[in-house]
Amino acid sequence: MQNASAINSAEYIEKPTNYLNNGYTIKSWLLTKDHKRIAIMYLIVVSIFFMMGGLYAATIRLELLTPQSDLLQTQTYNKVFTQHGILMIFFFLIPSIPAILGNFLIPIMIGAKDLAFPRINLLSWYLYMIGGMLTLWALMQGGVDTGWTFYAPYSTQFSNSYVMAVGLGIFINGFSSILTGLNFIVTCHTMRAPGMTWFRMPLFVWAHYATSLVMILGTPVIAITILLLAAERLARIGIFDPAIGGDPILFQHLFWFYSHPAVYIMILPGMGVISELISNFSRKKIFGYEFIAFSSIAIAVFGFLVWGHHMFVSGQSIYAGLVFSFLTMVVAVPSAIKMFNWTATLYKGSILFDTPMLYALGFLGLFLIGGLTGLFLGSMGLDVHLTDTYFVVAHFHYVMVGGQVIAYLGGIHYWWSKMTGKMYSEFWGKLSAMLVFVGFNLTFFPQFILGYQGMPRRYASYPEELQVLNIFSTAGASVLGVGLVMPVIYLTHSLIWGKDAPANPWMLPGLEWRIASPPPTENFETTPIVTWEAYDFSDENGLDMEEARRKNIVTV
Amino acid sequence: MATHAIDTHDTHDHYHPPGLQHQFEDMGQQQESASIGMWMFLVQEIMFFGGMFTVYLVFRSKFPMAFAAGSNHLNVYWGAGNTVVLIVSSLTMALAVHYAQTGKRMAQVVCIILTMILGATFLGVKAIEYADKYHEGIVPVTGLNLRTALHTEPNTAGGSHVPGDPDSLEKSSLDAPSSAENQRGTSGSASNSAGHVEDEYVNPNGNFLWTDTSLAELAQKEDYLTTAEKVGYFSNGQIDANKFRDKVRIFYYIYFMMTGLHALHMIIGLGLMAWLLWKAWSGAFTADYFSPVEMSGLYWHFVDIVWIFLFPLLYLLGRHFGAGGH
Amino acid sequence: MQNTSWVPFFPEQASSFAWQIDALYFYLLAISAFFIVVIVAAIFYFGVRYRERERYTNGAEIHGSIALETFWSIIPFIISMTIFLGGAIVYYNQYRPPADAMEIYVVGKQWMWKAQHGSGQREINELHIPVGRQIKLTMTTEDVLHDFFIPAFRTKTDVVPGRYTTIWFEPTKPGKYRLYCAEYCGLNHSGMGGWVYVMEQRDFDNWLSGNVSGQTPVEAGRDLFENKLGCASCHQGNDQGRGPNLAGVAGKEVRLASGQTVVADDEYLRNSILNPTGQIVEGYQPIMPTFKGQVTEEQLVQLIAYIKSLGGNTTTGATTRTAATNSSTMTTGSAPVNGGAADSMTPPKADRGSAVNNQGSNPNAPETRSEPTNTNR
Amino acid sequence: MAHTHDEHKNNLDSHDEHSGAHHIVSIPLYLMVFGILMVGTILTVLVAFVDLDHIFPGANTLVALTIAFVKMTFVMLYFMHVKYSSKLIWLTAIAGFFWLAIMFAYTMQDYLTRSQGVFNG
Ligand code: HEA
Ligand code: HEA
Ligand code: CUA
Ligand SMILES: [Cu+2]
C-alpha cells in the first residue's frame with residue numbers, strides 16, 4: 001500500500017472520477033449515501049433557509065427604521081421576528097457548519113471512507129427536509145408569532161398562529177440533528193485511520209465531537225418539550241398553563257435546558273473552523289492543541305449547567321440564580337482559553353491574508369465582543385437591566401453572526417476548492433469579507449447602546465428618541481446584506497467559470513489536502529496511515545515546499 | 001449511480017463477509033460502530049423520557065397527595081401484571097440474542113415470536129386500562145365523556161363558578177387576588193355566594209370525574225401537606241373538591257403522556273421485531289453476524305427499563321396511605 | 001427622553017440603586033476594553049510583523065506552554081468571579097425589598113398595566129409615585145407573561161400568571177420616565193407601556209386626591225383615551241385592534257352580537273365603557289374590561305366628548321365593520337381564556353380603610369371582590 | 001490488505017472495544033437475572049402497601065426507586081451486556097443518567113428554594 005506520507009499533493013492529481021461526476025441523475029443525488037454529496041445537498045437547502053431568514057431580517061430592519069409600526073402591522077412584525085429567529089436558529093445555524101462542512105470533512109480528516117452510518121446520514125437530511133418543509137408550509141399558512149422561545153402560556157393558549165405545525169417541524173428537525181451528532185460520535189470512535197490517534201485529529205473534528213455530545217444530550221429535551229407544548233395546545237393539558245394548574249416557569253427550564261447548550265451547538269463548530277484557519281494560515285502548529293481540544297469538551301459539558309441565566313428575572317429563586325450565574329462565569333473560561341491560544345498561534349507564524357483568514361481574524365474580534373457582552377448578561381445584577389432589551393439582541397448576533405456565521409463563511413471559502421474543485425475570485429472574496437465586517441458592526445454595535453438605554457426587544461414600534469441609533473443599525477444591515485449577497489454571486493460564478501483547483505492550493509498538511517479536488521467518491525484509494533501530528537508543517541511531513549515553490553503553484 | 005459505484009469500487013481488494021458495509025474495514029469495526037451508535041441512541045432516549053420525568057418530579061413534589069389519589073385509582077394488578085409481562089419479554093429477547101450468537105436459527109425465531117406476543121400482550125393490557133379509565137370518565141380533556149356534573153357543597157365550591165358558565169374555571173383561576181385570599185384562609189368576601197344555590201362544576205373540556213378528596217383530608221389531619229398543597233387544594237380554608245380534582249387531573253395528564261410515549265416505543269419495538277423475525281427466518285443471522293438482533297435487543301431492554309421506573313412511580317406511590325383504589 | 005445626562009445615549013439614573021448597576025456596567029466595560037485592546041493589538045502586531053514574506057515558508061515550531069495556559073485560565077477565572085460577585089450583590093439589593101416600603105399592586109393584562117395604590121387609587125399604564133420613598137410593587141398578570149420594566153430605575157421583573165413577583169425601587173429624581181413591557185406577550189406587546197411619574201410628596205398627595213389640569217374636555221378625553229386609560233391599546237383607530245374602530249361611531253347604528261341594532265348615543269357610549277359586556281358589538285369578543293370605578297363622571301364626559309370628536313371620515317358603518325381575528329381565541333374551541341379574564345378584572349371600589357390596613361403585611365393585591373362580577377349575562 | 005487491519009487495530013487507543021468476539025451470556029445466568037427481576041417486582045409491590053413514611057417522609061418512594069434502580073442495573077449489566085462491554089459503553093450509560101440527574105437537580109434547586117407559586121387553579 002502506498003504510504004500517505006509520500007503523497008506530494010502540490011500536483012494536480014488527475015482523477016478519472018470524483019464524487020461530483022460520479023452520476024448525474026437526480027436519483028444519484030437523492031439516494032446517495034456519500035457523505036460528500038449529502039453535504040452538498042445540505043449546502044443548497046441550508047443556503048435557501050439562510051436567505052429566507054435574511055429576508056426576514058431585512059424586513060425587521062426596514063420596519064425599525066421608523067419608530068411607528070408603519071411598514072408592517074404589529075401582528076406581522078411579531079411573526080416576522082419569530083420566523084426570522086426560528087429559521088435562522090433551527091434551520092440555518094444549527095445545521096450550518098456540522099451538516100455541511102462537518103459532514104464533508106470529518107470522514108476525510110480522519111482518513112475514513114465515509115461516516116459510520118451513511119444511511120442514517122441520508123435519513124438525517126430527509127428529516128431536515130421534512131421538518132423544514134413542514135415549517136415552511138406553516139409559514140405559508142400564516143406563520144407563528146410566539147418568538148423563537150415559545151414561552152408558555154402565550155404559546156400554549158393565547159397565540160392563534162401555527163404553533164403546532166412549526167413545533168412539529170422543529171421536532172422532526174431535532175431528530176435530524178440528533179442523528180447527525182450520533183453519526184459523528186461513532187465515526188470519531190471507530191472510523192479513524194491507522195495512526196490517527198485522538199490527539200492527531202484536527203481540532204475541527206474535536207469541536208464536532210463536542211458539538212455532537214450536546215446534540216445527543218440536549219436535543220431530545222426540546223423534542224419532548226415541544227411535544228408537551230403541542231399536547232397542551234391540542235388538549236389543554238395543564239402542564240404549563242397556570243390557569244389549569246400548570247407552571248409556565250417549568251417550560252422555561254425545559255426550553256433552556258436545551259437552548260442554552262444549543263448556543264454551543266451554534267458556536268463550537270465555528271470554533272473548530274477557526275482553529276483550522278488560524279493554524280493553517282499561519283503555517284504553524286496551533287498553540288496549545290490539547291487545551292483547545294479539551295476546552296471544547298469543557299464547554300459542551302459545562303454548557304449544560306448554566307441555562308438558568310436566561311431566567312434571572314423570570315421568578316426563578318435567587319438561590320438558583322446565584323448558582324447559574326456562577327456557572328455561567330465558569331463556562332466563559334474555556335472560551336477565553338481558546339481565544340488566547342488562537343492569538344498566540346499567530347506569534348511567529350507566516351501569516352497569509354487570504355479570504356478565509358480575513359474571516360478568521362474577523363471572528364476573533366467579533367466573538368470577543370460577543371463573548372464579553374455575554375459576561376455582562378451573566379452578571380445577575382446587570383442582567384436585570386439588560387435582559388429582554390436590544391443589548392441581548394446585540395450580544396447574540398455578535399456571537400451567532402459575528403461568530404458562527406463568519407466562521408461558516410470562512411470555512412466555506414477555505415474548503416470551497418476542495419468541495420467543488422474550483423477557485424473563487426480572491427478579490428471579490430476579500431472585498432465581501434470586509435464589507436461583512438464593517439456592515440456587521442454598524443448593524444449591531446448601536447444595538448448595545450440602544451439596549452442599555454432600555455429599548456425592549458420584540459418591539460414593532462419604539463419611542464422616538466431611540467430612532468437615531470436604529471437608523472444606523474438599518475444602514476449597517478444594508479451594507480451587511482450587500483456583503484452577504486456577494487459571495488452567493490461570485491461563488492456561484494466560480495462553479496462555472498472558476499479555475500480548476502489544485503489538490504492542495506495552500507500546501508497544507510491536513511489529510512483533506514492530500515486527496516484530489518474534488519475528492520474521489522471513496523475519499524482515499526487506500527486507507528491512509530497517519531504518521532504526523534495535526535498541523536505538522538515540518539519538512540519531514542512529505543510536503544515538498546521546494547518543489548511547490550519551483551513549480552510556482554499559484555493559489556489565487 | 002453513486003452508491004453503485006461505491007460498492008463495485010470497493011470490493012476489489014477486500015474480502016467481504018456477508019453483512020459488511022462498504023465503509024467499514026472489517027466486522028469488528030462494524031459491530032463496534034453499531035453498538036456505540038445504539039448506545040448513543042439510548043442516551044438520547046434517556047433524555048427524551050427524562051424531560052417527562054422532570055415534569056413528573058416537579059408536580060409530584062408540589063402535589064404528592066393529589067398524585068397519590070390519582071395513582072391509587074390505577075389498577076395495581078394490571079400494572080404489576082404488565083411489569084411481569086415485560087420482564088419475561090426481556091428474558092425472551094435476551095435469549096433471542098443468545099441463540100443468534102450461537103447460531104441457532106429456530107430457537108431464535110421462537111424467542112422473537114414470544115417476545116412479540118408478550119409485547120402485544122402488554123399493549124393489550126394498556127388498551128384495557130385506557131378503556132377502563134375512559135369509561136370512568138377520568139381521561140382528562142377528551143371531552144367525549146358523558147357530561148355528568150359533579151355536585152358539591154355550595155360553600156366549598158369557590159363561589160365564583162356560575163352554573164353552566166364555561167368560563168367559570170378561568171374566571172376563578174385568573175382572579176388571582178381572590179385566590180390569594182384563600183391562601184390566607186380568611187373567609188371569603190361578602191359577594192361570593194350571591195345567588196349560587198347549587199354549584200355545578202362544568203369542565204369546559206369534558207368532564208374529568210373526581211370526587212374523592214379523602215387523601216387530602218388525611219394529609220391535612222396528619223399535617224403533612226406541602227406548601228403548594230396548602231394553597232392548591234383549598235378554598236376559603238376548606239378542601240375544595242374542584243381544586244383538588246384539578247391537581248389529580250395533572251397526574252392523569254402526566255400518566256397518559258408517559259405511558260402513551262412508552263406505548264409508542266413498544267409499538268416501534270414490535271415493528272423492529274417483525275423485521276427481525278423476517279430476517280431471522282430467512283437465516284440472515286449467523287454466529288458472525290448478529291448485530292441487528294443485538295441492537296434491537298438493547299432497544300427492547302431499554303423500553304423495559306423505562307417501564308421498571310414508570311410502574312412504581314405511577315402505580316405504587318400512594319398505596320401506603322391505605323386509602324386504597326376501588 | 002430625559003436625556004439630561006452628559007454621556008450621550010445614556011439613560012437617566014433615577015433610582016437609588018441605579019448607580020450600582022451603572023458602576024457594574026462600567027466595570028465590565030473596562031474589563032472588556034482591556035481584553036479587546038490587548039487581543040486586537042496583539043493580532044495587529046502579529047499580523048504585520050509575521051505576515052508571510054516568502055511563499056510557503058513555515059512558521060516557527062511552537063507547541064504551547066503550560067505556564068501560559070495556566071496563567072490565562074486563572075486570570076480570567078478570577079476576573080469572572082469578581083463579575084459574579086458584583087452581579088450577585090447588586091441583584092440581591094435589587095430583589096430584597098425593604099420592610100417598610102410603600103406597597104403598590106400591579107396587574108399586567110394584554111396589553112396594559114393596571115396599578116392600584118394602597119389608598120385605593122387606580123391607574124392604567126401610569127404609575128404615580130412620590131420621590132424618595134421606597135416603593136414595592138407586588139405584581140401578577142391575568143393572562144400571559146409580561147415584564148415590568150423602568151429603564152431609568154434599572155430594574156425589571158417578569159409578571160407570572162398564578163404567582164406574585166415583586167420589585168422595589170426608590171426613585172431619587174422627580175420626572176417622567178418610560179415604563180415598558182419587556183416580556184413578549186403577543187400582538188400589542190410594543191404598545192404595552194406608559195409613564196412613571198415621580199413627584200414631590202406634596203404633588204403626589206395632590207394627585208392622590210384627584211386634581212385635574214385645565215384641558216378642554218376633548219383634549220382631556222384624548223389624554224384619557226390614549227394614555228391614561230389605555231383605550232387606544234384595543235381601539236387602535238383601525239380595524240386590526242381587538243376592539244372596534246371608534247371613529248364615527250357616535251350617532252351611528254351599531255349591530256350587536258345579539259342581532260339587535262342600537263343607536264350609539266351618549267348613553268350607549270357610556271354603557272359601553274362602564275358595562276361593556278352588556279352590549280357586545282357584532283364580531284368582537286367580550287374582552288373589554290369595565291371601567292366602572294376607574295373613571296369619574298367627569299372623565300366619562302371627557303371620553304364621550306373625545307369619541308364624538310373622532311368624526312366620521314371612516315365611512316364604514318358599524319354594520320359593515322368586521323371583526324379582527326381575535327388573537328386570543330383558542331384553537332381548541334374551548335372556553336376563551338380571555339373572556340373569563342376580562343370578566344375577572346372588575347375593578348373594586350376603592351376602599352381606603354381596608355386597603356390601608358393591608359399595607360406592608362399583606363402580600364395580596366387589593367380586594368377585587370367588593371363588587372359582583374358582571375352578572376347581567 | 002490484511003496488515004492494514006492489524007495496524008488499524010493497533011493504532012486505536014481503544015482496541016479492547018474492537019475484539020470481535022462478543023461475550024455469550026449463558027442461559028442459567030439469564031434465568032438468574034430474570035429471577036431477581038421477578039423478586040424485585042413482587043417486592044416493590046408488597047413494600048408499596050406498607051407505610052414506611054413514618055420513618056421519614058418519602059421513605060416509600062425511596063425504597064421503590066431503589067428497587068427499580070437495582071432492577072435496572074441488572075437489566076443493563078446482563079441483558080444489555082454492559083458487564084462485558086468496553087469502557088466506552090459503561091461511560092455512555094453512566095453519562096446518560098448523569099445528565100438526567102443534572103436536569104433533575106438543577107431544575108429542583110429552583111423549585112425547592114422559592115415559593116411554590118400556586119395560588120389558584
Ligand atoms: C452562538 C451562540 C451563543 C454563544 C456562544 C453565547 C455565549 C455566551 N452567552 Fe449568550 N446568548 C445567545 C447565544 C450565545 N451566547 C442567545 C441566542 C441568547 C438569547 C436567547 C433569547 O433570549 O432569544 C443569549 C443570551 C444570553 C444570556 C441571557 C440574556 C437574557 O436574556 O437576559 C446570557 C446571560 O448570562 C448569556 C451569556 C453568555 C455567556 C457568558 C457566553 C459565553 O460562552 C461567552 C464566552 C466568551 C468570552 C468570555 C470571550 C472570550 C474571553 C476572553 C477574551 C477572556 C476574558 C474573559 C474573562 C475575563 C472571563 N447569553
Ligand atoms: C443564526 C441566527 C441569526 C442570524 C444569522 C441573524 C441575522 C440577522 N438578524 Fe437576527 N435574530 C436571531 C437570529 C439570527 N439573526 C434570533 C434568534 C432573534 C430573536 C428572535 C426572537 O426574538 O424570537 C433575532 C432577532 C433579530 C432582531 C430583533 C427583533 C426584535 O427583537 O424585535 C433584529 C433586529 O435588528 C435582527 C436583525 C438581524 C440582521 C440584520 C441580521 C443579518 O445578519 C442578516 C444578514 C443576512 C442577509 C441580509 C441575507 C443574506 C443574503 C443571502 C445569503 C442571499 C441573498 C438573498 C437574496 C438574493 C434574496 N434579528
Ligand atoms: Cu406585555 Cu409584553
Ligand atoms: Cu445561554
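Only this structure's heavy atoms are used, side chains among them; waters, hydrogens and symmetry mates stay out. Throughout, protein chains are lettered first and strands after them, A, B, ... in sequence-line order, and every chain is numbered starting at 1.
- When only modelled atom types and interatomic distance are considered, C:Asp22 and A:Tyr452 share a side-chain donor-acceptor pair under 3.5 Å.
- Within the 4.5 angstrom heavy-atom criterion, only side-chain atoms of C:Phe149, from C-beta onward, approach chain A.
- Between C:Trp72 and A:Phe287, the two ring planes are tilted [angle within 30° to 60°].
- Between C:Leu145 and A:Gln252, some side-chain heavy-atom pair lies under the 4.5 Å cut-off.
- Judged by distance alone, the side chains of C:Glu69 and A:Asn341 do bring a donor and an acceptor atom under 3.5 Å apart.
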Determine, step by step, whether A:Tyr154 and C:His146 satisfy the side chain to side chain contact (heavy atoms under 4.5 Å, CB included) criterion, reporting the C-alpha distance in whole Å, the side-chain angles of both residues, the deciding distance to 0.1 Å, and the verdict. CA-CA 10 Å; A:Tyr154 182 72; C:His146 303 276; over 6 Å; no

Which atom pairs, donor and acceptor, lie under 3.5 Å between side-chain atoms of residues 373-380 of chain A and protein residues at least two apart or in another chain?
{"unit_1": "A:Thr373", "atom_1": "OG1", "unit_2": "A:Ile369", "atom_2": "O", "d": "3.0"}
{"unit_1": "A:Thr373", "atom_1": "OG1", "unit_2": "A:Gly370", "atom_2": "O", "d": "2.8"}
{"unit_1": "A:Thr373", "atom_1": "OG1", "unit_2": "A:His395", "atom_2": "ND1", "d": "3.4"}
{"unit_1": "A:Ser379", "atom_1": "OG", "unit_2": "C:Ile83", "atom_2": "O", "d": "3.3"}

Audit row: C:Phe84, A:Leu322, side chain to side chain contact (heavy atoms under 4.5 Å, CB included) steps and yes/no: CA-CA 8 Å; C:Phe84 162 69; A:Leu322 284 172; 4.3 Å; yes

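- Contact count versus chain C (heavy atoms, under 4.5 Å) is highest, among A:Pro248, A:Ser282, A:Gly288, A:Ser155, for A:Gly288.
- Looking only at distances, no side-chain donor or acceptor of C:Tyr184 sits under 3.5 Å from a matching main-chain atom of A:Phe150.
- Most heavy-atom pairs under 4.5 Å with chain C: of the set A:Ser314, A:Ala336, A:Pro334, A:Gly147, this distinction falls to A:Ser314.
- In terms of non-hydrogen atom pairs under 4.5 Å with chain C, the most contact-rich of A:Thr387, A:Val468, A:Leu450 is A:Thr387.
- Between the side chain of A:Asn78 and the backbone N or O of C:Leu187 there is at least one donor-acceptor pair closer than 3.5 Å.
- Between the C:Arg163 side chain and the A:Gly315 main chain, a donor and an acceptor come within less than 3.5 Å of each other.
- Between chain C and the options A:Tyr151, A:Tyr289, A:Phe312, A:Phe291, heavy-atom pairs under 4.5 Å are most frequent for A:Phe291.
- Considering only heavy-atom pairs separated by less than 4.5 Å from chain A, the leading option among C:His63, C:Gln20, C:Lys156 is C:Lys156.
- Chain C forms the most heavy-atom pairs under 4.5 Å with one residue out of A:Phe340, A:Phe353, A:Tyr77, A:Trp342, and that residue is A:Phe340.
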Using distance only, find each side-chain donor-acceptor pair of residues 24-50 of chain C under 3.5 Å and give its atom names and separation, not counting sequence neighbours.
{"unit_1": "C:Tyr27", "atom_1": "OH", "unit_2": "C:Thr82", "atom_2": "OG1", "d": "2.6"}
{"unit_1": "C:Ser32", "atom_1": "OG", "unit_2": "C:Leu28", "atom_2": "O", "d": "2.8"}

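- Chain C forms more heavy-atom pairs under 4.5 Å with one residue of A:Pro463, A:Ser69, A:Ala152 than with any other, namely A:Pro463.
- The neighbour count for A:Glu464 CD, taken as heavy atoms of other residues, nucleotides or ligands under 6.0 Å away, does not exceed 12.
- With a threshold of 4.5 angstrom between heavy atoms, C:Thr166 does not approach chain A through any atom at all.
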Take C:Asp158 and A:Met311 through the test side chain to side chain contact (heavy atoms under 4.5 Å, CB included) and record every step on the way to the result. CA-CA 9 Å; C:Asp158 277 10; A:Met311 300 163 59; over 6 Å; no

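- Tested against C:His189 for a ring pair (Phe, Tyr, Trp, His ring centres under 6.0 Å), the candidates A:Tyr462, A:Tyr459, A:Phe158 yield a single pass: A:Tyr459.
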From CA spacing to verdict: side chain to side chain contact (heavy atoms under 4.5 Å, CB included), A:Val330, C:Phe77: CA-CA 7 Å; A:Val330 173; C:Phe77 180 75; 4.0 Å; yes

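- The pair A:Arg457-C:Glu183 does not meet the salt-bridge criterion, since no charged nitrogen lies less than 4.0 angstrom from a carboxylate oxygen.
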